[in-house]
Amino acid sequence: MIESIRNIGIIAHIDAGKTTTTERILYYSGVSHRIGEVDDGEATMDWMVQEQERGITITAAATTCQWQDCRINIIDTPGHVDFTAEVERALRVLDGAIGIFSAVEGVEPQSETVWRQADRYAVPRIAFVNKLDRAGARFEEVIEEMRQKLGAAVTPVQIPIGLEGSFDGVVDLIDQRAVRFAGEQGRDVETDAIPDELTELATRWRDKLVDPLATGSDEIMARYVDGEALPAPLLRAELRRQTLHGDVQPALCGASLRNIGVQPLLDAVVDYLPAPQDLGPAPATRHRPPPEKAVAVPRDAEGLALAFKIHTDREAGLLTYLRVYAGTIEAGKAVYNERLGRRERIGRLLRMHANRSEAVESVAAGDIAVAVGFKDVQTGDTIGDDSGLLLEPMRFPEPVISVAIETRSLSDNDRLLQALAAIAREDPTFSVQESDETGQVLISGMGELHLDVIVRRLEDEYRLEARVGQPQVAYRESIAVEGSAHHRYRRAIAGKEHAADISLRVAPRPRGSGNAITIDAGALPEQLIAALRRGVANGETSGVLYGYLTTDIATVVEQAGPEDATATELAFETAAALAFADACRAASPTLLEPVMTVDVTVPSEFVGEVIGTLNARGADVQQVEARRGAELVSAIAPLAKMFGFSTALRSQTQGRGSFAMEFAHFAPTAAAG
């Protein structure tokens, strides 16, 4: 039943406890019979060798469990900014999310990033304040940080019993009881009266919980004003309603590593996060016939699903993760790929448990599964009936760092290209380019760790030894002013005359808005309009000064001719590309470099030295924020000058400093360096 499904993601900063919490969820729900620990390299969800070695999540892992007659599909996402694409595609297909925050570190940089990603997709969330058993743990301060930094309407439904070494349970503010966890691995949930010393505090926090609920419910308001008892089911129902609308985010607390607070978190997933039917119809566009910009996909339509993740398995082949939005997808049947315009057959359908699976015959609207048998599918493809509908695609950041790569043996070069192509198919933020002139292969990604992981994958999964060069920045080109050009093309090829007279103008667009092409050249045949677009698009990829991709340029084709048989697609495409290049050269072309946001967490005694190093690397320090026992230094810096910063930071801080770096925007630079 669709109302008994919960599709959720677990999102947080690196080392906040996402995978540790997921391991407890799998244990308490009966999926696993022992708890796998991240620190031991035995976590079920961190199944890649590198994840176990590094102690971090690299790829989003999917699993399924049962709790309170609900099937919960869970995606454990990475916390490192280099793997933000995994979070992006997970949030695109999930209905709800758990945001985990360390009670010691509070709202960290990547916590903020993933929370904003969830905001963009309007994903209902609950928050879990973890690690309350750690020295320096805070609860009320972290809740306030979430409100201030995230703009979140966080509403605690629990408060901790004790802190740090004395933390041993939680107070449930709705049922007004103390909850503790006993037995093997905290499996037994025991309830009791609220300790006397916490009664006043619990009353104060419960009033804070009831306030926003009373605002949205006349019944709760009337009972509250009259001093009547507020039944727990009534409070839960209103809290669920407001959570689904994004008006509040319930907050729970615990210590996953010590097996405290995870079962109530599962209860909250069932109580407050949406079933697929609780959300509106999936947004889509109809691209044939006739085109419509926005339509809603009814759940009783023919089968329709989004391919949100691709993974290559050495034994099973290509695994395609699907979120079904309408109808039913069945194993053994052919489905239509809207991008390819043809059908492909699904060999098998699987439900995933990290890297293990179980076969199923079909999956219905609201469910998540893996299809085996596709050959040409890509991330973001719409799969299903031949309906002409395209589900809303995902948006991924562009790669900002590149390195040259080669094999130790020339005979392995073809294998290298095949392996890189397979990885690029899986990862939309990774790209491969082979130079026609030099034969050099360049790989591009989101950061040094991202590319390092890919090089290790070549060794571990494809048995390829590869050498990489020094990192290079992925520059872009743009223009500073308006420019225009006219190009006249005349050529006879194989006895046929090809002619085109193209006039166009270019103008700068706001940073980060990308390119735009407008054809305003009167009535033209559709194939010639398409040729003009292809020509300008080809010019955009060729660069003006140094051959880098162009960005943030608006192109308007103002005139195109002649209107006779010599006007061919070849001529229009070629002339448009050359006119675009001429117009950009007349528009003060400029080179752009990627600028990064840098957040450095450093012990207080080293903060001056670290700021000095950042300044020497061309960084602009924005603020320094005091944290308990540390300082958070926030800056923006050109990527080209940040290579090797991690080594310098470790040296300066005796290994105690850490940093996160994320692409912010492109900005003009003097030269490519």
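When reading the values below, keep in mind they use all heavy atoms of this one structure, side chains included, and skip hydrogens, waters and symmetry mates.
- The side-chain heavy atoms of Gln148 and Ile143, taken from C-beta on, include no pair separated by under 4.5 Å.
- Counting heavy atoms from C-beta on, the side chains of Phe659 and Val633 never come closer than 4.5 Å.
- Side-chain contact between Val129 and Leu252 is absent, with no heavy atoms from C-beta onward closer than 4.5 Å.
- With respect to the salt-bridge test (charged N to carboxylate O, under 4.0 angstrom), the residues Arg236 and Asp175 qualify.
- The list of side chain to side chain donor-acceptor pair (under 3.5 Å) pairs with a residue in residues 149-163, not counting sequence neighbours, reads Lys149-Glu625.
- No hydrogens or angles considered: a donor-acceptor pair under 3.5 Å links the side chains of Thr64 and Asn73.
- Val324 has its side chain out of reach of Leu304: every pair of non-hydrogen atoms, C-beta onward, lies at least 4.5 Å apart.
- Val123 and Ala97 make their closest contact through CG1-N, 3.8 Å (heavy atoms, listed as atom of the first residue, atom of the second, distance).
- Taking 4.0 Å as the cut-off between side-chain N and carboxylate O, Asp188 and Arg180 do not count as a salt-bridged pair.
- Applying the side-chain contact (heavy atoms from CB on, under 4.5 Å) rule to Val269 yields the partners Arg6, Ile8, Ile72, Ile98, Ile126, Leu273; only residues at least two apart in sequence or on another chain are considered.
- Of all non-hydrogen atoms in Leu173 and Pro156, the two that sit nearest each other are CD1-O, 3.6 Å.
- In summary, Arg241 and Asp247 do not engage in a salt bridge, as defined by a charged side-chain N under 4.0 Å from a carboxylate O.
- Under a 3.5 Å cut-off, the side chain of Thr203 and the backbone N or O of Thr199 do form a donor-acceptor pair.
- Of all heavy-atom pairs spanning Val157 and Leu209, the tightest one is CG1-CD1, 4.0 Å.
- Minimum interatomic distance between Ala193 and Ala178 (heavy atoms only, all atoms of both residues): O-CB, 3.6 Å.
- Partners of Asp172 by side chain to side chain donor-acceptor pair (under 3.5 Å), not counting sequence neighbours: none found.
- In summary, of the residues considered (Glu662, Glu108, His13), a side-chain hydrogen bond (donor to acceptor under 3.5 Å, both in side chains) with Thr113 occurs for Glu662 alone.
- At a threshold of 4.0 Å, the pair Lys131-Glu105 does not count as salt-bridged, since none of the basic side-chain nitrogens sits closer than that to a carboxylate oxygen.
- Counting only heavy atoms from C-beta outward, the side chains of Phe308 and Leu94 never approach each other to under 4.5 Å.
- With contacts defined as side-chain heavy-atom distances shorter than 4.5 Å, the pair Asp15/Ser102 does not qualify.
- We find that Asp119 and Arg125 are joined by a salt bridge, their nearest charged nitrogen and carboxylate oxygen being less than 4.0 Å apart.
- Using a cutoff of 4.0 Å between basic side-chain nitrogens and carboxylate oxygens, Arg138 and Glu164 are not scored as salt-bridged.
- For Asp599 and Ser634, the side-chain atoms include at least one donor-acceptor pair closer than 3.5 Å.
- Residues passing the side chain to side chain donor-acceptor pair (under 3.5 Å) test with Glu190, sequence neighbours excluded: none.
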Practice task
Give the C-alpha distance, both sets of side-chain angles, the deciding distance and a yes or no for salt bridge (charged side-chain N to carboxylate O under 4.0 Å, His left out) between Asp278 and Arg240.
Solution key: CA-CA 11 Å; Asp278 294 323; Arg240 177 182 179 81; 2.6 Å; yes
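- Listed by first and then second residue, the ring-ring contact (aromatic ring centres under 6.0 Å, His included) pairs that reach into residues 127-154 are Phe139-Trp205, sequence neighbours excluded.
- Side-chain contact between Ile25 and Cys65 is present, with heavy atoms from C-beta onward closer than 4.5 Å.
- Judged purely by atom type and a 3.5 angstrom limit, Asn7 uses its side chain to pair as donor or acceptor with the backbone of Gly366.
- Taking the centre and axis of the six-membered ring of Tyr28, the NZ or CZ atom of Arg24 falls outside the cone set by 45° and 6.0 Å.
- With Arg134 contributing its side chain and Gly165 its backbone, the two residues share no donor-acceptor pair below 3.5 Å.
- For the atom pair OG1 of Thr379 and CD1 of Ile310, the computed distance is 4.5 Å after rounding to the nearest 0.5 Å.
- The line from CG of Leu230 to CD1 of Ile174 is 10.5 Å long, rounded to the nearest 0.5 Å.
- Between Ile220 and Ala214, the shortest heavy-atom contact is CG2-CA, 3.7 Å.
- Taking OG1 of Thr382 as the start and CD of Glu392 as the end, the distance is 10.5 Å to the nearest 0.5 Å.
- Residue Asp168 holds its CG atom at 11.0 Å from CG of Asp133, rounded to the nearest 0.5 Å.
- Side-chain contact check for Pro276 versus Arg323: some heavy-atom pair is nearer than 4.5 Å.
- Separating the CD1 atom in Ile329 from the CD atom in Glu361 is a distance of 14.0 Å, to the nearest 0.5 Å.
- Side-chain atoms of Gln242 come within 3.5 Å of backbone atoms of Pro212 as a donor-acceptor pair (strictly under, hydrogens ignored).
- Of all heavy-atom pairs between Gly96 and Pro274, the closest is CA-CD, 4.3 Å.
- Within the 3.5 Å criterion, the main-chain N or O of Arg177 finds no donor-acceptor partner in the side chain of Thr191.
- Every residue two or more places apart in sequence or in another chain that forms a ring-ring contact (aromatic ring centres under 6.0 Å, His included) with Phe101 is listed here: Trp115.
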Go through Glu184 and Arg187 one step at a time and tell me if the salt bridge (charged side-chain N to carboxylate O under 4.0 Å, His left out) criterion holds. CA-CA 6 Å; Glu184 183 182 356; Arg187 184 184 286 276; 5.7 Å; no
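- Ion pairing between a basic and an acidic side chain is recognised when a charged N comes within 4.0 Å of a carboxylate O; Arg71 and Asp367 show such pairing.
- Glu238 contributes atom CD, which lies 10.0 Å from atom CD of Glu219 (distance to the nearest 0.5 angstrom).
- Between the side chain of Thr22 and the main chain of Lys18, a donor-acceptor pair closer than 3.5 Å is present.
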